[in-house]
Amino acid sequence: MSVRLIDTYAKPFLSEKEYEYMQAQLNAAHTTLQERSGAGNAFLGWVDLPRDYDKEEYARIKKAAAKIQKSCDVFIVIGIGGSYLGARAVVEFLKSPLYNNLKKDTPDIYFSGCNISASNMQELLAICEGRDVCINVISKSGTTTEPAVAFRIFREFLEKKYGTEGARERIFVTTDRARGTLKGFADAMGYETFVVPDDVGGRFSVLSAVGLLPIAVSGVEIDELMAGATAAREALAEPDLTKNDCYKYAALRNALSRRGKTTEILVGYEPYLQMLTEWWKQLYGESEGKDGKGIFPASVIFSTDLHSLGQYIQDGVRNLFETVVWVKESGTKQPIPHDPQNIDGLNFLSGKDLNYVNEMAKQGTLFAHVDGGVPNLVIELEDRSPRSLGYLLYFFEKACAISGYLLGVNPFDQPGVEAYKKNMFALLGKPGYEEQKNALEARISAQK
């Protein structure tokens, strides 16, 4: 398997009986998922997506990616939440968080529509000046505020630069198959469109056109990414705890939560894991955080954050557990040079590879945190390859679904996300929100 779960550092915090108890509950959650009989069953398209994806669209994704690579210097991906986090996580994991600064034969890729920042928008527009630009707007409806505003701005930029006809060849739309404002507009304008599947929620959509087009533009071999996810789908099909590390991960995090470990920190030891932890936080936070339940998802990148959050993890409130994502073979080597003067006292490291030092930092941290009362799980990847990453993405998605059912929630809805939108629309004066606007303005006045 490309991914292996190590539970050695969590066992001291749990009894053998807890494993036995979790198996029966896992069986029930597995049956619910497989029979599609549980809450949110209309959004289970991701389960078989690595096998049952649209082959014709997949070919068009490759063709569009090649066109974008040839025709632009800058590729702007417009989306929020699952519409951009998965693609950015994959590009940074497999290429680099410094992707845009590297020498390459693919376009720079920037992400917009994931905030409401005027300064960030101005900076992106400045980057685009004097360069050839293509955009990919990703939105199921086309009316979500952040990406819709960004699309307005970049569409205007392209039309001024290339004219309406020229812009048409540089705008790619990923949206609903047949419905919605954006789909209607894209068809009317003649933009090439790709599909946000009806039965795949945004946070589970990285292996659909939502993620695959930007990923392919970066030069990642998406065939290998999908092959890894396919291998995971086949390997993680049985609920037996002794054979299925994905299900064991779901079971252990729930068992630890019932022991009062209600915050899970996803730990990476490489900067290229940063955006993967952000994708993971949305996946688990939006899937589990409802009905007054959920394990709070947090993240750190060590050893950097050992010099900030490390103190809290070591000695703070004991409601934490950590899940470490460790890549065994990084594919790179960097020896530490010898210093004849030994001014830093580190000549005992001379000639050693940085990867080895990083691994010892990981091992030392595991021992320290476990001794400090923090259970640790370790998810070990074979290497930093598209195939291993595809396996891991599917691993996390399936574990999330099972974990949600173990918690007794619908893992596939997100009713709480709408609360801020309604308040924002009211305060901005959107028609139909007049009564709510008056109530909110009264609350604002009372605070002054």
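The chain is numbered in sequence order, starting from 1.
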Start with the C-alpha gap between Y249 and N254, add the side-chain angles, then the distance that decides, and say whether side chain to side chain donor-acceptor pair (under 3.5 Å) holds. CA-CA 9 Å; Y249 172 57; N254 275 270; over 6 Å; no
What verdict does the side chain to side chain donor-acceptor pair (under 3.5 Å) test give for T175 and K183, after you've listed the backbone C-alpha separation in whole Å, the side-chain angles of each residue and the deciding distance to 0.1 Å? CA-CA 6 Å; T175 188; K183 173 60 176 172; over 6 Å; no
Evaluate S141 against D176 for side chain to side chain donor-acceptor pair (under 3.5 Å), listing each step before the verdict. CA-CA 7 Å; S141 65; D176 190 271; over 6 Å; no
Given side chain to side chain donor-acceptor pair (under 3.5 Å), test D383 with S385 step by step and report yes or no. CA-CA 6 Å; D383 53 28; S385 66; 2.6 Å; yes
Hey, mind stepping through E192 and R60 against salt bridge (charged side-chain N to carboxylate O under 4.0 Å, His left out) and telling me if it holds? CA-CA 10 Å; E192 182 167 8; R60 286 198 300 111; 3.0 Å; yes
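In this structure, CG in L5 is found 10.0 Å from CD in E380, a value given to the nearest 0.5 Å. Put simply, NE2 on H307 and CZ on F302 are 10.0 Å apart, with the number rounded to the nearest 0.5 Å.
Classified by interplanar angle (parallel below 30°, tilted 30° to 60°, perpendicular above 60°), the ring pair F154/F157 is perpendicular. Taking the six-membered ring for Trp and thresholds of 30 and 60 degrees, Y269 and W326 have ring planes more than 60 degrees apart, a perpendicular arrangement.
For the pair K95 and T106, the minimum side-chain heavy-atom distance is 4.5 Å or more. At a threshold of 4.5 Å between non-hydrogen side-chain atoms, the residues E56 and I61 do not count as touching. Under the 4.5 Å side-chain criterion, counting only non-hydrogen atoms from C-beta, Y391 is in contact with L236. Contact of the V357 side chain with the D353 side chain is not registered, since no non-hydrogen atoms from C-beta on lie closer than 4.5 Å. Put simply, the side chain of Y405 reaches to within 4.5 Å of the side chain of P411, judged on heavy atoms. A 4.5 Å side-chain heavy-atom check between D315 and Q311 finds at least one atom pair inside the cut-off. The shortest side-chain heavy-atom distance between C72 and R170 falls under the 4.5 Å cut-off. Within the 4.5 Å cutoff, side-chain heavy atoms of V90 are placed close to those of V206.
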Side-chain donor-acceptor pairs under 3.5 Å in residues 39-49, sequence neighbours left out?
| unit_1 | atom_1 | unit_2 | atom_2 | d |
| --- | --- | --- | --- | --- |
| N41 | ND2 | G38 | O | 2.7 |
| W46 | NE1 | F43 | O | 3.3 |
| D48 | OD1 | R233 | NE | 2.9 |
| D48 | OD1 | R233 | NH2 | 3.1 |
| D48 | OD2 | R36 | NH2 | 3.3 |

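Taking the centre and axis of the six-membered ring of Y191, the NZ or CZ atom of R168 falls outside the cone set by 45° and 6.0 Å. Taking the ring centre of Y433 as origin, the terminal cationic atom of K422 falls outside the region bounded by 6.0 Å and 45° from the ring axis. A cation-pi arrangement is absent between R51 and Y53 under the rule of less than 6.0 angstrom and at most 45 degrees off the ring axis. Within the cation-pi definition used here (under 6.0 Å to the ring centroid, within 45° of the axis), R88 does not qualify as a partner of Y84.
Heavy-atom contacts from other residues, nucleotides or ligands closer than 6.0 Å to CD of Q363 number more than 12. Taking a 6.0 Å sphere around NZ of K352, one finds it holds more than 12 heavy atoms contributed by other residues, nucleotides or ligands.
Checked against E270 for a side-chain contact (heavy atoms from CB on, under 4.5 Å), the options I301, N358, V327 give a single hit: N358.
Formation of a donor-acceptor pair under 3.5 Å by the D245 side chain with backbone atoms of R4 is not found in this model. Using modelled atom types, one side-chain atom of R318 and one backbone atom of G372 make a donor-acceptor pair closer than 3.5 Å.
Here F204 and F412 bring their ring centres to under 6.0 angstrom of each other.
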